[in-house]
Amino acid sequence: MKGLMQPTQLTLVHLFERAERYGRDKRIITATATAKVSTTYGAWAERTRLLGGVLDILKISKFGRVATLAWNSARHLELYFAAPCSNRVLHPLNFRLFPEQVTYIVNHAQDEVIFCDTSLWAILEPLMSTFTTVKHLVFMNDGKGEAPASVPGVQVHEYESLLQQAKAAEWNVTDENQAASMCYTSGTTGNPKGVVYSHRSTFLHTMAEMLADSLGVRESDTILPVVPMFHVNAWGLTHAATACGANLVMPGPDLSGKAIADHIVNEKVTVAAGVPTIWMAVLPELKGRDTSSLRAVVCGGAAVPKALSEAYREQIGLPILQAWGMTETSPISAVCTLNTAEQQLPVEEQAEIRTTVGRIVLGVDFRVVQPDTTTMVAWDGETSGELQCAGPWIASSYYNDSRSAESFTKDGWLRTGDVAVVDSVGRIRLVDRTKDLIKSGGEWISSVEIENELMSHPKVKEAAVVGVPHPKWSERPLACVVPKDGETITKEEIIAFLTPKLAKWQIPDDVVFIDQVPKTSVGKFSKKTLRDRFADYKLPSA
Ligand code: AMP
């Protein structure tokens, strides 16, 4: 017997219309390179419909890929909805990738048009001749840089004048399973891999972000997505904010600690989200200021040091809210909100719980399995295995990529490449990335665990731990440490600090001091760069 409910398609049109109808007077604030501008969802919705008309004028094909090379802004949000709601596919480009990777993703996705902020034109210009499918280039003046009058091989347009020529589009998306947007994941060796989100997956993920026990995004929020719109659709926050008419603060190009702190204070931000390196830079800038509007500082994308979360709790009274996800998981899949019992625990125990990524979000299934099996490890908080996921906003394969076979199991689960343990109440603790684990004499050492301890040292600004080759143990940990500005610290001090906290065989064999930990294109620690840099490093014990 079948249920007798209506087969309504879950599409972005519904999310858009919520903002258009109910969020009309709510604000979208954008910090451009030179100014702060404010608009409303009402005005935004009118422009977004006109932009749908622009895509018709440019004759972008059905499901044609609409690329963006842009900072977080209200205009970027217009593209976020105009492309999918007019049956095209949005493709935000990560402009921090290596140039040849940008060429790869534009050609691989077969982008037909690129919407480019004028301030980013310098990145795109040298690559234009390498693109094989791009027909149109639309410039968006963001206060910096200049659009050229012409570019060989493509038609050049200006965003605002195209809008003036266009007729407002009526949206008509009939299949929830059609593609809405795509993002390429850079957390990989070789070329980036394309993840294609459907209307349905985006709709359901948006609702998952509104769950009270996940991020609880709601109308009364003012949301600051520091995470770029090319990084897993700004972690879905711009969709969620739009759907419930929450105010949005788009930070534009200035992602400095000071700029972000100013937005939080001046715009009375309630929810802000970014990777750990962002929050490390913001905290000192919040000292002595009124942060009482904040209800969640969301942090994920990389291991969240306990010391960082505790520093927020001590300084602003609000610890970090850790979340876990990937480009392949839309991304929100686990969030570390404390349940009723956990809220009664002593502060120190709560801090320890916050070092986990929390529980899986309603709608997603997970398993932590022994290598090459589907057997779940014991939920004992100790036995580790690979974290695998399944669910309606989890990718089932990569876009046109033979590497899908390695990343999905035969029974259809996503292999995340993260190593995790699960405790008896289902909280997931990430131990490491499979490729970042250090194999020493047959034992696995978690680089994350050592980093967590290192970063709790009062004189340490950042630290990353990598395995370097060792003749006897095959690999041993090397600590790469950045002292806080104006501080000096010795190797002996660091080893003495770690000794009571870690097992003897986990203590790094050596400590090197570096200017900064290299970062990936999305601002995470790049362990690969460090491993390459220290591949021939001679450990004193070797
Ligand atoms: P990306 O696709 O760039 O978002 O990268 C996804 C990867 O980031 C995951 O597979 C994890 O390795 C890492 N990651 C995401 N969230 C966390 C977290 N809360 N703690 C540790 N690592 C994380």
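In each ligand, atom 1 is the first atom listed, and ligand 1 is the first ligand listed. When reading the values below, keep in mind they use all heavy atoms of this one structure, side chains included, and skip hydrogens, waters and symmetry mates.
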Participant: Hey, is CD on E449 packed in by over 12 heavy atoms from elsewhere, all under 6.0 Å?
Facilitator: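 Not more than 12 within 6.0 Å, no.
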Participant: How about CZ on F513, more than 12 heavy atoms from neighbouring residues, nucleotides or ligands closer than 6.0 Å, or not?
Facilitator: yes
Participant: For atom NZ of K461, decide whether the heavy atoms of other residues, nucleotides or ligands shown that lie under 6.0 angstrom number more than 12.
Facilitator: no
Participant: What pairs of donor and acceptor atoms, side-chain ones from residues 370-377 against any protein atom, are under 3.5 angstrom apart with sequence neighbours left out?
Facilitator:
unit_1, atom_1, unit_2, atom_2, d
T373, OG1, Q370, O, 2.8
T373, OG1, T375, N, 3.1

Participant: Using heavy-atom distances, let me know which of G300, G325, C389 sits nearest atom 15 (C) of ligand 1.
Facilitator: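 It is G325 that holds the nearest heavy atom.
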Participant: If we set the cut-off at 4.0 Å for heavy atoms, which region of D418 has an atom near ligand 1: side chain, backbone, both, or neither?
Facilitator: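 Near ligand 1, D418 shows its side chain, while the N, CA, C and O stay back.
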Participant: Looking at ligand 1, is there an atom of it that comes within less than 4.0 Å of some heavy atom belonging to P331?
Facilitator: no
Participant: Heavy atom under 4.0 Å from ligand 1: found in C299's side chain, backbone, both, or neither?
Facilitator: neither
Participant: Can you confirm whether W473 is buried at CH2, in the sense that more than 12 heavy atoms of other residues, nucleotides or ligands lie under 6.0 Å from that atom?
Facilitator: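 Check fails, neighbour count at 12 or below.
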Participant: Show me which atoms of ligand 1 lie under 4.0 Å from any heavy atom of R433.
Facilitator: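 Numbered from 1, ligand 1 contributes 9 (C), 10 (O), 12 (O).
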Participant: Under a 4.0 angstrom heavy-atom cut-off, which atoms of ligand 1 come close to A323?
Facilitator: 16 (N), 18 (C), 19 (N)
Participant: Classify the ring geometry of W379 against F366: parallel below 30°, tilted from 30° to 60°, perpendicular beyond 60°.
Facilitator: parallel
Participant: When you compare ligand 1 with K524, is there at least one nitrogen or oxygen pair between them that comes in under 3.5 angstrom?
Facilitator: yes
Participant: May I ask you to list the atoms of ligand 1 that are less than 4.0 angstrom from any heavy atom of Q322?
Facilitator: 18 (C), 19 (N), 20 (N)
Participant: Atoms of ligand 1 less than 4.0 Å from T327 heavy atoms?
Facilitator: 1 (P), 2 (O), 3 (O), 4 (O)
Participant: For ligand 1, which atoms, with element, lie under 4.0 Å from some heavy atom of V357?
Facilitator: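 Per the distance check, 19 (N).
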Participant: Can you list the ligand 1 atoms lying under 4.0 Å from a non-hydrogen atom of M326?
Facilitator: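 Ligand 1 atoms under the 4.0 Å threshold to M326: 2 (O), 4 (O), 6 (C), 9 (C), 10 (O).
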Participant: With atoms numbered from 1 as shown, which atoms in ligand 1 lie under 4.0 angstrom from a non-hydrogen atom of A303?
Facilitator: 20 (N), 21 (C), 22 (N)
Participant: To which of A302, G523, G358, S521 does the heavy atom nearest atom 23 (C) of ligand 1 belong?
Facilitator: A302
Participant: What I want to know is whether G301 and ligand 1 share at least one N or O pair that is separated by under 3.5 angstrom.
Facilitator: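 N/O-N/O distance below 3.5 Å exists for this pair.
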Participant: Heavy-atom count check: over 12 atoms from other residues, nucleotides or ligands less than 6.0 Å from D380 CG?
Facilitator: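 Enclosed: over 12 neighbouring heavy atoms sit under 6.0 Å from CG of D380.
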Participant: Does L10 reach the side chain of H199, with side-chain heavy atoms less than 4.5 Å apart?
Facilitator: no
Participant: Would you compute the distance between atom OG of S214 and atom CE of M207 and round it to the nearest 0.5 angstrom?
Facilitator: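 Going from OG on S214 over to CE on M207, the span is 11.0 Å.
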